[in-house]
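Only heavy atoms go into these numbers, but all of them, side chains included; no hydrogens, no water, no symmetry mates. Every chain is numbered from 1, with letters handed out A, B, ... down the list of sequences.
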Amino acid sequence: MTQKFDFSVNGKPVSVSLDNEETPLLNVLRNELGLMGTRFGCGLEQCGCCMVLIDGQPEKCCAKPVWSVAGKNITTIEGLGTSERPHPLQQAFIDEQAGQCGYCLSGIIITAKALLDKNPSPTRAQIAAALDDNICRCGTHNRIMRAVEKAAAQMRAGARA
Amino acid sequence: MNAPLPGPLADNPSLDRWVSFPSPGKISIGTGRVELGQGVLTAMAQIAADELDVAMARITMRSGDTERTPNEGYTAGSQSIQFGGVAMRQACADVRALFLEQAAKIIGCAAAELSIRDGRILRKNAPTGQDYWTLASAVNLAVKATGSGARKPAADFETIGQSSERLDLPDKIFGKAVFIHDMQLPGMVHARVVRQPNRGATIGAIDEQAIKRAAKGRIDFVRHGNFLAIVGNDETAVDLAGAAAVNAVTWQNVEAPTALQAEASWLLQRPWIDRVFGAPDTGEPQGRQRFEATYSRGYLAHASISPSCGLAEYRDSHLTVWTHCQGVFPLRAALAKALGLDASAIIVHHVQGSGCYGHNGADDAAADAAIIAMQMPGKPIRVRWRREEEFVYEPKTPSMVVKVHALLDDAGKPTDWTQEIWSATHNKRPGAGGVLLGAVALPTPMPEPPPNDVPEANGGGATRNGEPLYDIAAKRILHHLVTDTPVRTSALRSLGAMPNVFALECCIDELAERAGQDPVQYRLSITADKRARAVIEKVAAMARWNPKEPGGAGHGRGIAFARYKNRAAYSAVVVELDVDEEIRLAHVWCATDAGLVVNPDGAINQLEGGIIQSASWVLKEQVRFDSGVSSIDWETYPVLKFSEVPEIDIELINTKDEVPLGVGEVTAGPTAAAIGNAVSHALGTRIRDLPLTRDRIMATLLKA
C-alpha cells in the first residue's frame, strides 16, 4: 500500500510516496531524491558513511525507516555548502587536503558539524571521540582532525557557516 | 639513437591514446592508471602539464578505459609513478616535439628557437600566434612514440614537485555523484547475488515465498546453473530479499572454514610446493653461532569502507561494464574467457570506488553484473555487494609463517640468512588466471588456476621483501607455497612484504640485543647502502633516538627499515608506544626516500595512510572462521579508530633525484616491525605473532 511521507531536506519540503514504510532514509535520499552525497558503507549503522543531521542531531540513516523522519528536518552534505559557497568545514577539508579515497568524508563532515554546533572549541581528544562514530579505512585521520580544528578556528573567528 | 621507450609507452606506442586536444584550449590526457584514492590522476596531470607546458586547469584526465586509454595492466605494486609516470613524461615530450616541428614548418624557423608557454608557441619568447589548438588539425597523433622528445630538465619543473591540490577532492567534499555506487543508468535494474559459498556447492532449495515476503516489493530471480541473483527496480526490496536469501536458500556440498584454519600455524601441516631463491645453502660451517626465530600473521581483509559495486549492460551482442577494479584490460580478458565472448565485444570503463588496497571484490561484482546482464539483455544491471558479503567473499591476504635462520660472525653480525616462508599465493587476480566468483557458479564453472605466485621479476608475492637489503654474504628465501586454503587469497597492500619485514626487522633487533648494540647502530653497521643509511639516520634524528633509553616499564620505542621490493622507495619508521593490557600508539616518525616526488603532499598522504593501516593490521586485525568466515562486519572486524591514531611526522628526503620510486606500500612493513620492536622494548619480552591483541599481551605478561 503506497503511503506518503513528508519531511524537509536541506530546508526544502519533500514528499515521497513509497510502498514500504520501512524504506531506509538513506535509500530515499539517494534513489528517490537523487542526493548521492550521503553514502552507503554497511547498512548496519556501524561505519558512519550515511551520517545526516535529523533535527540538528547526527544520526546514521542506512537503517532508519522513513516513517520515523516524517515531519523532521534532514540536513545532508549537499545542504552544508557548495563550491561557490563552501561551509568552513568543507573549505578546511580542501585546505588540509583531508582525503584519500574520500568516500567517508560526507559522513565525517556531518559528524564534525554536529560537534562544532555543540562545542565550538573542541580539543583534539574531543574531536577524536566524536569522530569515533565514523570509520576511515584509508588512514586520513590526522588530516581530518586538523581540518576540523582549522574549521573550528575559522568559525570562532566569524567565518560564515 | 634513442633510448628504449619506457615499458608502458612501448606497450602502447600510439600517442593519441595518451594525449589529445578535444576542443580549443583543452587537453585530454589518457592514462591506464586508475584512481584508488592515492592521487594518481592528479600526479599524472602534473606530469602532463610540465612536459606539455600547459596550465593544469586545461587538462582533463581519462583513465582506465578499454576504448580510450593506454593498457597499463593493473594499478598496483606502487608502480604508477615509477613506471607509468616515466612513460607519461616521454609520451608528452614526444607530442610536444611533434607540435614544435609543425610550428617550425609553419613559421619557417628552426624548432630550437621555439618554446611553449601555457600551450602557446613562442619564438625567442615572443608570441607567434600559434598554439597547440591552431596546429592540432595538422598534427597526427595516431603515430608511434619515438622517445626522441626532450623531457623537461628537473631544474625547469613548474608543476612536478609541487603539492598540487587533488583534482577529485572538492567533488567528494561537496557530496557530488562521483563514485561508481552513484551511477544511475536509465532503466537500471538493481541486483543482489545469492552467493555460492564455495566451489562445487550446489543449490538445494530456494524458499521463494519467504524471500518475496521479506522484499515487501516486486523482485524476480535470475538463475544460471548455481549462479542465483535477485533483481528488481526497487533497491530496498532487492536489498531485503538479498538479506533474506542468505537463510532462505540452502546449499549442498558446503565446505565451511573452521576456527583452526584461521591460525597461521595451520599452514605448517598443509601440502606445499617448494620454491627456492638466492644463494645455495652452504651447509654447516664450524664455529658459527646460529639464530632462529619464527613469526606469523593471520588472514587480513581489505575491508574497504564501501562494499564492491559493478554495472553492466548487454545489448546487440556487446557487453559494457563499469567497474572500480584495478585493471580494466585484464578484467576484459577474464570476462571474455568466463562468458564465452570475444574481447572485442566487451568495453570496460573504470569508475572510482572507495579506497582500493588490492584485489578486493570489484572484479567479481563486475562479473556478477555481466552475468546477469547477459541473462537480461538490454537492461542496465547494478550489483552492489552487501557489507557482510564483501567481508566473507572478497579475497584475503594469506596467513603467513616466517622463520628466520641466520648464521652470525664473532661480532654477532649475520653472514648467512635464510627466510623460510609458509604462505599460499598472493595472486589470484583474474588477469593471472584467477577466477571471477560468479563464473565458478555457472553450469561450466570457471576453472581454478594451478598454484603459482607473483613472479620474482615483479617483486614476488609471499617472497616480497623476504631478502634483507643488508650486507649479508649469503641470503636465500625458501618459500613453501601452500597450495590450498579454506578462503581465496590474493593481493593486499604490500603482499608478503609486511610479514617478511616484520619478521626480519624484529630479528635484526633481536640480533642487536644479542650483540649488545643499539638497534640503529646495528643496522648502520651492516649496510653500506647510502640511501638506506640516510633514511635510518634521518628518522632516528626526527625521533631524537636515544640509544641508552631503558625499556621494560611499559613504555617503548622501536625502529624498522625496508626498501619496498628492494627496488622501490626506502623508508624507516620509529614508533613510540605504551603497553599495559593493550597497546596505545603515542607517536610515529617516518623518513622516506622516494626519489623524484611528483606531489610531495600526495606522497606524504599515502605514507601516513600506510602507517595507520599497518598499525591497524598489527594491533587489531585477523579474519576469523567459525563454520565460515565469522569476521563479517565492523564489530567482528574492528579497525583503528580516530581516538587510537598516533601523532605522525613524515619527511621526504632526496626528492630531487632523477628517478621516482613507488611509495604507496613502503610503510606497511617497517611500521609493523617498529611496533613489534617497540612492544618488545616496552615489555622486555617479545611477541612474534600478529595481531598483537590483548589476549596475546596478557599471555606474554603472565609468562614473563
(request) Check whether B:Leu169 gets within reach of chain A through its side chain, its backbone, both or neither, counting any heavy atom under 4.5 Å. (result) side chain
(request) Heavy atoms only: give me the nearest A:Ile77-B:Phe174 pair and the separation to one decimal. (result) CG1-C, 4.3 Å
(message) Taking atom CZ as the centre, does B:Arg584 end up with more than 12 heavy-atom neighbours from other residues, nucleotides or ligands that are less than 6.0 angstrom away?
(response) yes
(message) If I measure from the heavy atoms of chain B, does A:Ile135 come under 4.5 Å with its side chain, its backbone, both, or neither?
(response) both
(request) Would you mind checking which part of A:Cys49 comes under 4.5 Å of any heavy atom in chain B, side chain (CB onward), backbone (N, CA, C, O), both or neither? (result) side chain
(request) Check whether A:Thr82 gets within reach of chain B through its side chain, its backbone, both or neither, counting any heavy atom under 4.5 Å. (result) backbone
(request) Side chain from CB out, backbone as N, CA, C, O: work out which of these in B:Ser304 comes under 4.5 Å of a heavy atom of chain A, or both, or neither. (result) backbone
(request) With a 4.5 angstrom heavy-atom cut-off, could you sort out which part of B:Arg384 is near chain A: side chain, backbone, both or neither? (result) side chain
(request) Tell me, for B:Ser164 versus chain A, whether the close heavy atoms (under 4.5 Å) come from the side chain, the backbone, both or neither. (result) backbone
(request) Please determine, by modelled atom types, if B:Glu235 and A:Asn31 share a side-chain donor-acceptor pair under 3.5 angstrom. (result) yes
(request) Against chain A, label B:Ile604 side chain, backbone, both or neither, depending on which of its atoms sit under 4.5 Å from a heavy atom there. (result) both
(request) Tell me, for A:Leu44 versus chain B, whether the close heavy atoms (under 4.5 Å) come from the side chain, the backbone, both or neither. (result) side chain
(request) Decide whether B:Thr236 and A:Asn27 meet the rule of one side-chain donor and one side-chain acceptor closer than 3.5 Å. (result) yes
(request) Could you tell me which portion of B:Glu635 (side chain, backbone, both or neither) has an atom closer than 4.5 angstrom to a non-hydrogen atom of chain A? (result) both
(message) Is B:Gln184 in contact with chain A via its backbone, its side chain, both, or neither, using a 4.5 Å heavy-atom distance?
(response) side chain
(message) I need the residue from B:Gly355, B:Ala303, B:Ala237 with the largest number of non-hydrogen atom pairs under 4.5 Å to chain A.
(response) B:Ala303
(request) Can you see which heavy atom on B:Phe179 is nearest to which on A:Gly102, and at what distance? (result) CZ-C, 3.9 Å
(request) Heavy-atom distances under 4.5 Å only: say whether B:Ser163 touches chain A with side chain, backbone, both or neither. (result) neither
(request) Heavy-atom distances under 4.5 Å only: say whether A:Ile144 touches chain B with side chain, backbone, both or neither. (result) side chain
(request) Let me know if B:Phe391 has heavy atoms under 4.5 Å from chain A in its side chain, its backbone, both or neither. (result) neither
(request) Measure A:Ile108 against the heavy atoms of chain B and call it side chain, backbone, both or neither at under 4.5 Å. (result) side chain
(request) Counting only heavy atoms closer than 4.5 Å, note whether B:Leu240 contacts chain A via side chain, backbone, both or neither. (result) side chain
(message) For A:Ala125, which atoms come within 4.5 Å of any heavy atom of chain B: side chain, backbone, both, or neither?
(response) neither
(request) Could you give me the CA-CA distance, side-chain angles and deciding distance for B:Asp633 and A:Gln46, then say whether side-chain hydrogen bond (donor to acceptor under 3.5 Å, both in side chains) is met? (result) CA-CA 8 Å; B:Asp633 62 16; A:Gln46 293 176 345; 3.3 Å; yes
(request) Under 4.5 Å heavy-atom distance to chain B, tell me which part of A:Ile94 shows up: side chain, backbone, both or neither. (result) both
